[in-house]
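What follows is a single structure, written as structure tokens, with notes after it.
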Amino acid sequence: MSEDLKMEKVYDPSQVEGKWYPYWEEKGYFHADVDNAKEPFSIVMPPPNVTGALHLGHAIDSTIQDILTRFKRMQGYNTLWLPGTDHAGIATQAKVEEQLAKEGTNRHELGRDKFLERVWDWKREYGGRITGQLRRLGASCDWSRERFTMDEGCSEAVRKVFVDLYNKGLIYRGNYIVNWCPHCHTTISDIEVEHVDREGHLWHLRYPVKDSEEFLVVATTRPETMLGDTAVAVHPEDERYQHLIGKTVLLPLMNREIPIIADDYVDREFGTGAVKITPAHDPNDFEVGLRHNLLSISVMDREANMNEEAGKYQGMERYAARKAIVKDLEDLGVLVKVDNHQHAVGECYRCSTVVEPMVSKQWFVKMAPLAKPAMEVVKEGLMEFVPDRFAKIYLGWLENIRDWCISRQLWWGHRIPVWYCEDCGAEICVQVDPESCPKCGSKQLKQDPDVLDTWFSSGLWPFSTMGWPEDTPELKQFYPTSVLVTGRDIIFFWVARMVFMGLEFMKDVPFKKVMIHGLVLDAQGRKMSKSLGNGVDPLEIIDQYGADTLRFMLITGNTPGNDLRFHPERLEATRNFANKIWNASRFVLFNLQDFAEGPRGDLKLEDRWILSRYEETIDEVTAALDRFDLGEAARLLYEFIWNEFCDWYIELAKGRLYDKEHPEARHTVQSILLEVLEGTMKLLHPYMPFITEEIWHNLPVTGESIMIQAWPQVKGYQDSSAEKQMNQIMEVIKAIRNIRAEMNVQPGKKAEIILVAPEQETLGVLEMGKDSIRLLAGGSQVDVVASLEVKPAQAASAVLEGVEVYLPLRGLLDLDKEIARVEKEIAQAFQEQSRLAGKLNNEGFVAKAPEQVVAKEREKLEGINGRIGALQVRLAELKEA
RNA sequence: GGGUUUGUAGCUCAGCUGGUUAGAGUACCGCGUUGACAUCGCGGGGGUCGGAGGUUCGAGUCCUCUCAAACCCACCA
């Protein structure tokens, strides 16, 4: 290998990847102009949490977006991939609180303003980490437009949206039962509660009916809440309890008199058919309470410890209280029995603490009017899910949606833009901080202490990042975006909210397509999580194998929407592919050093074949990318590069490349190698941006970067007869290799190959492919003779359709073995023959199957008949010998 | 309780709108290092497509039922 070609024998991504990203960025290739006549293609990046470190979920998500972006950019679109980060309320606040805890202090000691300063400091210090990591992955996003959900513009958008919705009556404040996380000290929305099946108990408690000898037995999974019971409910038609409806029971321990009410909500089959009602600690009971005007008595505080309403249990933690209460009830003889019972427990998605339903005054978004149009756009096809099955999940959720609790008892986030007048009690919701009360003029205003759910601002992301509420050129050019790429786990959290916010404020969908991908699971098929410790750090993979390998590996072996299991072995396979590309390129480049542009000479069969296959690959890869089938496109490229270009074409090219006698033939091969390699590198570039850029720069082509080259187009090289003929030659070569391996004829050994074709046409093809056969079936030591006559006897043979292959083995041939082999082949051929004949004798098949299919089967039958004839002749010869 | 997905070679997965002898990677066996690559080349063994039934000239590919696994949704206390 020449010294001046600076390509190492083994591809080392660490030598290559570092230099190209800064180059691309400096050249401004990622930047999208607004005043561009080209058709736009835009994607907004799902903003990762500022607290986050890149994990494989981001890696797959970003890789998909980058592939689409690079593909479209090369296709000539005005391409914008808009990046940014999310302030991630709870997560970020928790990080900084941890930090404070280490310093021996907490946010309350620090005070709100100081605390927020600390969070901003933290953000400034660590917020750039993840974007740096995305750069290492090769993400070609427009960093000049990077946004943050808490930056000025996005905050402005949040305020405007809140105020508008408030004025329309779509945001309201009310006392309702919400999910309270005693650990995070905030409310969370319904979808932030994870229901987990847990083994629990069903306690049966006996409540005495007042002025009666009777008892009413209720069943509960949470006996501690009985302290807050304000009724017992039975089904209105339950005969067992008809006479008790309207009476009262005496609540044990509390000695409170509470009514027996009738409500449809009660399931007669479950438990005893009588339910204790605790409106303050159960969402259903809360509803019942509203219907029956019941008192709501909260017995716990914000830590989920028992409060002053809990009598002697005050101050106890809720589970300790449960224990104590059960014991006391048992002592009182109130506990009838305890059954084991499995039920779903709601846990906080962040900290897995059991959520406590609590009644409190919170802000809500009224969902029904917003959900309706968000469903319609999907039903009408204005917005498409890929794969479309996710549309069903999306619609199902919106169908049954409840109002969205958006206030959070945190400090880090968008503060709710509502002030309360301390003098007249007015509620003031305005975009600009008010100086005084518009009602009474008082200056005693107090802003609502809560902040908004993080997803409230994320929901505005597709337009807030483009400058809304200003009417910007960005919005004109890039909204609605072309496609949203995200994991199936945030369809509800994020996708749905962007849709109704987009429709409400932009009067258009935020994206035309939503491409949903699966999750990256570990080798056992489990979700990767911190608690399991089974996470894999993408950066370590990049260090070890390179970003290209990681990207390609994440995309292949996977179909759209399905989860991907992470198997480290696959990294090696992909790395080997990168190395293969590298070495094929090294070979081509080495042989291109004296290359000068000029017209090609005559094309040989293999030339026409590879050019045809190349163009077919262009078509197929482009089509697969167009339908977001990234795994399929990757597979096609892998196979073309390795199994066709490397295994066959490069090997065949060697003959002419090394032939010093015929420089024009060498030039022709060089020219084809260059065209196909360059084009293939372009097709591969979206997947493996670094290695393709490196190789491309070594090629004798002009231009600054592969990433701004035009996507390959077909020129009309497709040639089905070349493909067919080449396939025949390849079959012959494989047959020869097979015989040689079986007969143990070493590759270097001198040998003669005799090919017999019964037809002139086939003979012509063989003549055409003789050089190839010689080259790939044994090297220069092999003589290939093609003939119309049947010849050798002392030979190992293979009978193909239309061609017989003979490898003469003077005296070495084990006749019995060869006869047995031929007989076996005949038997197999007969089997195939009868299968085909059966098919063609079936009247239904001939009558109903398409002509083409029938013709194909006929052709096959003819082929097999010919082959059987040849085999039989061969067998007869062998037996004579 | 409802829904979705998955079940194809030892392992991990492809197989599009039904039509060659069901593919790849990996693992395994045999052969092979003078000039792209041993992170390689050549050859080979290995599956009848979870099970049953059906539609069809024809099914891994459509329908029904069934078994198994994963996930999502759901207010049965």
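Below, chains carry the letters A, B, ... as their sequence lines are ordered, and counting in each starts from 1.
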Discussion item. Please name the nucleotide paired to B:rC65 by Watson-Crick or G-U wobble geometry with both distances under 3.5 Å, or report none.
Written reply: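 The answer is B:rG51, by the H-bond criterion.
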Worksheet item: Quick one: is B:rA36 close enough that its OP1 or OP2 comes under 4.0 Å of any side-chain N or O from A:Y649?
Response: no
Discussion item. For B:rA14 and A:T559 - does any side-chain N or O of the residue sit under 4.0 Å from the phosphate oxygens OP1/OP2?
Written reply: yes
For [X], report the nucleic acid contact type (base, sugar-phosphate, nothing); a contact means any heavy atom under 4.0 Å.
X      : answer
A:W642 : sugar-phosphate
A:D267 : base
A:Y265 : base
A:D647 : sugar-phosphate
A:G838 : nothing
A:K9   : sugar-phosphate
A:K839 : nothing
A:H235 : nothing
A:F492 : sugar-phosphate
A:V218 : nothing
A:A219 : base

Worksheet item: Is A:Q524 side chain donor-acceptor paired with the B:rA70 base, going by distance under 3.5 Å alone?
Response: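 Donor-acceptor pair under 3.5 Å: no.
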Worksheet item: Side chain of A:R575, base of B:rU39: donor and acceptor closer than 3.5 Å?
Response: yes
Measure from [atom1] on [X] to [atom2] on [N] and round the result to the nearest Å.
X      : N      : atom1 : atom2 : answer
A:L395 : B:rU4  : CG    : C1'   : 14 Å
A:E639 : B:rG15 : CD    : C1'   : 11 Å
A:R222 : B:rA77 : CZ    : P     : 12 Å
A:F640 : B:rG25 : CZ    : C1'   : 20 Å
A:K580 : B:rU39 : NZ    : P     : 12 Å
A:I191 : B:rC72 : CD1   : P     : 13 Å

